[in-house]
Undergrad: 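Submitted below is the structure of interest, expressed as structure tokens.
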Amino acid sequence: AGIYVPYLAHAIDQHNEAANDDDFKPNLQGFAVGNGVTNYDYDCSVAYVEMAYWHSLVSQELHDKIKAANCDYGGAYMEKATDECLDYLNEFGAATTGINIYDMYGICWGAGPYPQNEEPAGKGFPHLYKGGKSPAQTKVWTPSDYTPWLMAPHAPGSKVLKELPPCTFGSGLLDYLNSDEVKQQMHIPDYVQAWDLCTEDVEYVIQPKGSQWIYEELAGKIRMLHYSGDIDGSVPTMGTLNWINSLGWNVTEAWRPYHLEGQVAGYVEAYEGGLTFGSVHGAGHMAPQFKPYETYHLVMNWLHERDI
């Protein structure tokens, strides 16, 4: 969403600028992005390595080695990282392999209904193998599949980074959408392939430019919200705040907490140009999934231009 939502908004804005008076012009008022990649020099691995250290997931020794080598994991393809630094990143990956990168305090799920590291003895992973049928999901998807920008090698033919476990629970959704009853109700013919969480059939090339430039170009034209679940390791809040600070925009509403039912639900800050940042406290990468009430409060109040 951090790429295609801003690019879509920019395309609509460009269309409206060039359109004639009698052409249809979508009434673009703004856009919102949650935990979205925006600037590869600040987001993803750059921020996750720091976030993991400050959350006591990696050793002081490894952190010191990364700092001493001046490792820079920025760029869409980590083109700035040396082989030494990629070795340290592999070491980092091994240390955090059991952590759900999308929800750092959440469960690391496996391919079945059981946590990744707690397969019940003698049960295996039967959840996807009902009635002797082959599972709809035949591959273990990694963060490189879900978030390919996160652990990308820095150049073709370079040292390939080890992949972390996905930790994402999708078995129930797979079972539901591929059940005969649901397929019949949705009028899906038998010849249509099984529904899956991801596909390798879409050709997608990561562009190094990211989308920060769109925020700059649309500043003052439309309203923009960038919200962030603050325990997401794939696109951490730290990276989001770093690229926002790099804009150098004046603050129009000072950093403050917002509350829901007497509890801190997150923090907000607003800037010139129509940009608002909001964190969702205790939420992971999919903030509406992990903290639905808090995220709804933040987004809907922003949408209706009410106090958050």
Side-chain angles (χ1 to χ4, degrees), residues 1-19 24-44 46-47 76 101-102 143 145-150 152 168 197-199 202-230 232-247 249 266 268-280 283-292 294-305 308:
I3 300 298
Y4 62 78
V5 169
Y7 272 78
L8 176 59
H10 182 261
I12 293 173
D13 177 72
Q14 292 296 294
H15 165 80
N16 289 347
E17 291 282 350
F24 171 69
K25 298 180 182 180
N27 185 20
L28 180 65
Q29 295 294 309
F31 68 82
V33 170
N35 286 84
V37 176
T38 305
N39 186 325
Y40 296 106
D41 286 334
Y42 297 104
D43 288 321
C44 306
V46 179
I101 195 171
Y102 311 104
D145 299 308
Y146 285 114
T147 48
W149 55 84
L150 186 66
T168 302
L197 289 169
C198 295
T199 179
V202 177
E203 292 287 337
Y204 181 75
V205 178
I206 299 173
Q207 298 296 330
K209 196 173 183 180
S211 60
Q212 179 175 324
W213 66 274
I214 296 177
Y215 289 80
E216 298 171 6
E217 189 161 316
L218 296 182
K221 288 185 173 183
I222 62 174
R223 300 171 63 230
M224 299 172 285
L225 171 66
H226 199 112
Y227 65 91
S228 178
D230 65 8
D232 174 28
S234 61
V235 188
T237 301
M238 177 186 297
T240 297
L241 289 172
N242 284 340
W243 72 254
I244 288 176
N245 289 334
S246 76
L247 295 171
W249 291 355
V268 294
E269 189 170 64
Y271 314 87
E272 63 182 347
L275 174 63
T276 298
F277 166 81
S279 69
V280 183
H285 187 66
M286 297 76 74
Q289 172 185 333
F290 298 114
K291 292 286 185 176
E294 292 83 350
T295 307
Y296 183 89
H297 175 89
L298 170 63
V299 173
M300 295 307 292
N301 280 299
W302 172 83
L303 183 65
H304 292 286
E305 300 187 64
I308 297 172

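Remember, predicted model here, so these are calculated numbers, not experimental data. All residue numbers in this chain count up from 1 along the given sequence.
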Undergrad: Out of curiosity, Leu275 CG to Ile222 CD1, how far, rounded to the nearest 0.5 Å?
TA: 10.5 Å

Undergrad: Closest approach of Gln212 and Ser246, non-hydrogen atoms and distance?
TA: NE2-OG, 3.3 Å

Undergrad: Using 0.5 Å steps for rounding, measure from the CD1 atom of Ile214 to the CG atom of Leu8.
TA: 9.5 Å

Undergrad: Which heavy atom of Phe290 sits nearest to which heavy atom of Ala283, and what is that distance?
TA: CB-CA, 4.1 Å

Undergrad: In sequence, state the C-alpha distance, the side-chain angles, and the governing distance for Thr276 and Arg223, and then conclude on side chain to side chain contact (heavy atoms under 4.5 Å, CB included).
TA: CA-CA 8 Å; Thr276 298; Arg223 300 171 63 230; 5.8 Å; no

Undergrad: Do side-chain atoms of Asn39 reach the backbone of Gly210 as a donor and acceptor pair under 3.5 angstrom?
TA: no

Undergrad: How close do Val46 and Tyr40 get, heavy atom to heavy atom, and via which atoms?
TA: CG2-O, 4.0 Å

Undergrad: Can you pull out every salt bridge (charged side-chain N to carboxylate O under 4.0 Å, His left out) where at least one residue sits in residues 4-14? Sequence neighbours excluded, please.
TA: Asp13-Lys221

Undergrad: Find the distance between CG (Leu298) and CG (Leu303) and round it off to the nearest 0.5 Å.
TA: 11.0 Å

Undergrad: Please name all residues satisfying salt bridge (Lys or Arg N to Asp or Glu O under 4.0 Å) with Asp41, sequence neighbours left out, ordered by chain then number.
TA: Lys80

Undergrad: Please name the pair of heavy atoms, one in Tyr102 and one in Asp232, separated by the smallest distance, quoted to 0.1 Å.
TA: CA-OD1, 3.8 Å

Undergrad: Indicate the atoms forming the closest heavy-atom contact of Asn35 with Gly284, along with that distance.
TA: OD1-O, 3.8 Å

Undergrad: Who pairs with Thr237 by side-chain hydrogen bond (donor to acceptor under 3.5 Å, both in side chains), at least two apart in sequence or on another chain?
TA: Ser228

Undergrad: Keeping Thr38 on the side-chain end and Gly36 on the backbone end, is there a donor-acceptor pair under 3.5 Å?
TA: yes

Undergrad: With sequence neighbours left out, what residues match Lys25 under salt bridge (Lys or Arg N to Asp or Glu O under 4.0 Å)?
TA: none

Undergrad: Return each pair, listed once, that meets salt bridge (charged side-chain N to carboxylate O under 4.0 Å, His left out) where at least one residue sits in residues 207-220; pairs must be two or more places apart or across chains.
TA: none

Undergrad: Nearest 0.5 Å please: distance from the CG atom of Asn301 over to the CG atom of Leu225.
TA: 11.0 Å

Undergrad: Step by step, would you call Tyr7 with Trp213 a ring-ring contact (aromatic ring centres under 6.0 Å, His included)?
TA: CA-CA 10 Å; Tyr7 272 78; Trp213 66 274; 5.7 Å; yes

Undergrad: State which residues pass ring-ring contact (aromatic ring centres under 6.0 Å, His included) with Trp243; sequence neighbours excluded, sorted by chain then number.
TA: Tyr215, His226

Undergrad: Using only atom types and a distance under 3.5 Å, with no angle test, would you say the side chain of Thr295 pairs donor to acceptor with the backbone of Ala287?
TA: yes

Undergrad: The test is side chain to side chain contact (heavy atoms under 4.5 Å, CB included); show your working for Leu218 and Phe31 and say whether it passes.
TA: CA-CA 11 Å; Leu218 296 182; Phe31 68 82; 4.1 Å; yes

Undergrad: Identify the two heavy atoms, one from Val280 and one from Lys291, that lie closest to each other, and give their separation to 0.1 Å.
TA: CG1-CB, 3.7 Å

Undergrad: Just by modelled atom types, is the Gly2 backbone N or O under 3.5 Å from a matching donor or acceptor in the Ser211 side chain?
TA: yes

